[in-house]
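Data block below; observations after.
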Amino acid sequence: PIPPPPPVPPGEPCMDCPNIVFVLTDDQDSVLGGGFPATSANGATPMPQTKRLLMEGGAMATNFYIHTPICCPSRSETLTGRYLHNVKLPVAEKQCTGGYAGVDAFGNVCCMHVDEALVNNNTLAKYLKIQAGYRVGMFGKYLNNCPNAMQPGFDAWFANGGGSYYAPQFATQNIDGLPDGGVTFNKTQYSTALIGNYSLEWIKKVATDGSKLPWMAYIGTKACHDPFQPSPWYADVWDAEWPAHAPRPPSFNVSKATLAQHHPTISSRPPFTNATATCIDGYFKDRWRTLMSVDDIIGATVALVDELGQTNNTYFLFTSDHGYSLGELNLNWDKRNVYEFDVKIHLLIRGPGIAPGSTFNQVLSNVDLAPSMLSLAGLGTVGMDGRSFIPLAIDPDDTTSLPGSVQRYMKAQPSRELVTAGWRTSHFIEYYYVGIGGDCGMTPIELADNNFVALRVINESANLLYAEFQSGTDGNVPFDAIEHYELFDMNADLWQMKNLYSTADPELLSALHSEVQHRLHCQSASCP
């Protein structure tokens with residue numbers, strides 16, 4: 001990985017910067033009906049408040065993708081604005097054998113191949129605090145291997161690695177009414193409600209303390225991660241207009257012959273039983289039920305900010321750490337695959353200058369989130385691989401209503417047309433085998449071949465998914481001896497069932513290979 005950026009010189013407190021509310025769910029897909037825009041019949045959604053307040057009341061990115069479709073790497077990328085290969089444990093050092101968490105032979109704290117030191121010391125919270133005087137509160141899921149101590153840049157710490165829906169544990173610091181160090185709640189208390197309540201109390205506190213300094217609330221829920229446990233008040237709710245079962249696209253529970261041209265993790269998967277399908281349907285419904293509590297957080301937060309008179313100075317951003325599968329390509333459940341249902345997610349943004357009900361269709365990545373939030377504070381980025389999408393989201397005809405820092409930032413940017421013309425037209429995806437068992441009667445969910453680098457190409461002439469696979473189980477995969485290739489025409493094959501690689505134009509394949517290998521080694525300004 002590239003070395004961490006140099007120390008950031010402190011700046012003056014920003015008195016005309018906006019507040020930021022960032023909400024991040026876990027495993028919430030946008031392809032199978034659980035996200036935005038709603039893909040279920042009649043526009044059914046478990047999050048009607050969010051639809052009204054953020055999607056209809058703000059802007060929606062229609063081509064927003066995750067760089068790594070698993071929790072800890074994705075969250076690390078979101079916090080730092082850096083691709084996985086730039087926050088990953090060095091290849092020269094021994095990887096953590098457990099994959100999920102631990103300490104390697106050199107003392108590096110790791111999490112799904114991420115070197116957490118490269119994350120915790122370089123988050124957007126640190127830059128917001130040091131350079132613009134933000135107060136930043138962390139509420140809920142941080143990284144899966146969550147530090148107990150509050151990390152640089154944060155002022156309030158109510159954090160865990162996801163934990164349990166009921167009787168959750170949190171590391172705590174500077175949370176009113178709770179001891180510093182940590183707390184375990186009783187078995188009747190629900191994680192999403194606790195995260196929401198403590199974040200609301202903190203927002204109320206910092207917004208009314210008289211300092212007039214900007215604040216950011218980072219709210220990360222366990223929902224809708226397994227084991228998919230709804231709150232008691234939503235445990236049996238199911239609207240009559242909601243789907244009767246999980247989606248049944250053409251890729252759902254297909255023959256092995258249909259998958260023969262996919263890489264071994266997929267081609268080895270047999271059709272599943274009716275019992276597995278029933279299990280998937282139950283998970284689908286409980287995932288929606290867990291999201292109803294997230295919807296309550298978003299509704300209550302928007303209402304509180306309005307009550308505090310800060311609506312015209314606050315931006316709300318809502319997204320997920322990655323998508324999910326529920327029977328597609330015979331993947332009974334989980335994420336960690338290169339396909340659209342695992343990597344395409346929602347992004348909603350609301351705030352001053354954001355036209356209600358608008359959309360923007362440029363190819364965005366979660367590594368763009370940190371640069372975008374920093375640009376709202378008028379800050380540049382140091383060592384980040386992503387770019388700010390704020391010039392694409394803000395209405396160029398409505399700049400007078402913008403907070404001062406955003407006005408200054410926007411005036412320094414080229415026109416939206418020029419920003420669009422220079423924007424990337426492909427998204428880079430990168431993943432290293434982690435390993436896990438399965439559920440709903442099927443196991444395992446991935447094999448050793450499930451390491452990949454990929455491009456999701458979206459432009460006027462092509463709509464493609466291209467991927468390269470190489471085996472390994474320790475994260476030390478340089479992608480220099482590719483074993484399998486996949487290419488899908490997403491216009492003709494939305495569910496990625498027909499691998500076209502063997503019959504594709506050699507010049508196209510050469511160009512895609514060169515580009516994905518460049519992206520694998522890009523750093524900062526060399527990343528498109």
Side-chain angles (χ1 to χ4, degrees), residues 22-40 44-51 54-55 64 66 69-72 74-75 78 139-142 144 160-166 168 190-196 199 219-239 242-243 245-247 279-299 317-328 331-337 340-348 366 436 438-440 445:
F22 178 62
V23 181
L24 183 67
T25 47
D26 199 328
D27 291 6
Q28 185 180 4
D29 66 89
S30 69
V31 174
L32 302 176
F36 297 92
T39 58
S40 297
T45 174
M47 305 187 73
Q49 297 175 82
T50 304
K51 178 182 178 182
L54 300 192
M55 190 183 88
F64 188 68
I66 281 298
I70 198 168
C71 302
C72 194
S74 173
R75 291 165 181 272
T78 293
F139 301 92
K141 185 172 181 178
Y142 178 67
N144 295 60
N160 64 16
S164 304
Y165 281 101
Y166 287 92
Y190 189 63
S191 175
T192 310
L194 290 165
I195 291 167
S199 61
I219 303 171
T221 68
K222 182 177 180 67
C224 50
H225 196 286
D226 72 280
F228 320 117
Q229 294 174 326
S231 66
W233 46 94
Y234 292 135
D236 298 315
V237 173
W238 197 256
D239 191 285
W242 287 1
H245 52 70
C279 178
I280 289 170
D281 292 339
Y283 282 173
F284 170 76
K285 290 185 176 182
D286 279 341
R287 282 166 55 81
W288 276 41
R289 291 175 177 125
T290 67
L291 289 169
M292 296 172 74
S293 294
V294 181
D295 195 45
D296 288 341
I297 289 180
I298 291 173
L317 295 92
F318 173 51
T319 187
S320 173
D321 59 356
H322 44 71
Y324 213 68
S325 60
L326 288 168
E328 294 69 36
L331 293 160
N332 48 315
W333 67 280
D334 209 58
K335 51 270 184 178
R336 74 191 71 211
N337 284 281
E340 194 85 341
F341 44 78
D342 278 1
V343 297
K344 186 173 186 180
I345 54 171
H346 62 275
L347 171 64
L348 308 179
N366 62 310
I436 190 174
D439 204 350
C440 288
I445 203 68

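The structure presented is a predicted model; accordingly, all values stated were derived computationally and were not measured.
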Handout entry: Residues L326, F341; criterion side chain to side chain contact (heavy atoms under 4.5 Å, CB included); working and verdict
Key = CA-CA 9 Å; L326 288 168; F341 44 78; over 6 Å; no
Fill in the blank from the handout: Which of S231, P46, P48 passes side-chain contact (heavy atoms from CB on, under 4.5 Å) with M292? Answer is P46
Problem - Worked verdict on T290 versus T192 for side chain to side chain contact (heavy atoms under 4.5 Å, CB included) - result: CA-CA 8 Å; T290 67; T192 310; over 6 Å; no
Check [X] against [Y] and note the closest heavy-atom contact, atom names and distance.
{"X": "N144", "Y": "C72", "answer": "OD1-N, 3.3 Å"}
{"X": "P168", "Y": "L194", "answer": "CG-CD1, 3.6 Å"}
{"X": "A246", "Y": "I280", "answer": "CB-CG2, 3.9 Å"}
{"X": "Y166", "Y": "P230", "answer": "OH-O, 2.6 Å"}
{"X": "F36", "Y": "M55", "answer": "CD2-SD, 3.8 Å"}

Exercise for the section: Mind running side chain to side chain contact (heavy atoms under 4.5 Å, CB included) on W233 and S293 for me, showing each step along the way? Expected result: CA-CA 9 Å; W233 46 94; S293 294; 4.0 Å; yes
Practice task
Mind checking salt bridge (Lys or Arg N to Asp or Glu O under 4.0 Å) for D334 and listing every partner two or more places apart, or none if nothing turns up?
Solution key: R336
Exercise for the section: Using the test salt bridge (Lys or Arg N to Asp or Glu O under 4.0 Å), find all partners of R75 that sit at least two apart in sequence or belong to another chain. Expected result: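 Salt bridge (Lys or Arg N to Asp or Glu O under 4.0 Å) list for R75, sorted by chain: D26, D321.
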Results of side chain to side chain contact (heavy atoms under 4.5 Å, CB included) for [X] - residues two or more places apart only:
{"X": "K335", "result": "D27, I70, C71, H225, H322, Y324, D342"}
{"X": "P37", "result": "M60"}
{"X": "K285", "result": "W238, R289"}
{"X": "N160", "result": "K141, F170"}

With a 4.5 Å heavy-atom cut-off, do [X] and [Y] have their side chains touching?
{"X": "F22", "Y": "T78", "result": "yes"}
{"X": "L24", "Y": "T319", "result": "yes"}
{"X": "F284", "Y": "H245", "result": "no"}
{"X": "V294", "Y": "Q28", "result": "no"}

Find the distance between [atom1] ([X]) and [atom2] ([Y]) and round it off to the nearest 0.5 Å.
{"X": "I219", "Y": "L317", "atom1": "CD1", "atom2": "CG", "value": "11.5 Å"}
{"X": "L54", "Y": "I298", "atom1": "CG", "atom2": "CD1", "value": "5.5 Å"}
{"X": "M47", "Y": "Q49", "atom1": "CE", "atom2": "CD", "value": "8.5 Å"}
{"X": "Y190", "Y": "I195", "atom1": "OH", "atom2": "CD1", "value": "9.5 Å"}

Looking at [Y], is its backbone amide N or carbonyl O close enough to the side chain of [X] to form a donor-acceptor pair, meaning the two atoms are under 3.5 Å apart?
{"X": "T25", "Y": "A223", "value": "no"}
{"X": "T39", "Y": "G33", "value": "yes"}
{"X": "N366", "Y": "I66", "value": "no"}

Handout entry: Ring centers of F318, H346 separated by less than 6.0 Å
Key =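 Yes, close enough.
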Problem - Y234 and D296 side chains, donor-acceptor separation under 3.5 Å - result: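 Distance-only check passes for D296 and Y234.
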Practice task
Just say parallel, tilted or perpendicular for the rings of F228 and Y283, cut-offs at 30° and 60°.
Solution key: tilted
Exercise for the section: Anything under 30° is parallel, anything over 60° is perpendicular, the rest tilted; go ahead and classify W288 against W242. Expected result: perpendicular
Exercise for the section: State which residue, out of D281, D29, D226, fulfils the salt bridge (Lys or Arg N to Asp or Glu O under 4.0 Å) condition with R287. Expected result: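 It is D29; the other options fail the test.
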Practice task
Would you sort out whether N332 and I445 count as a side chain to side chain contact (heavy atoms under 4.5 Å, CB included), showing the intermediate values?
Solution key: CA-CA 8 Å; N332 48 315; I445 203 68; 3.3 Å; yes
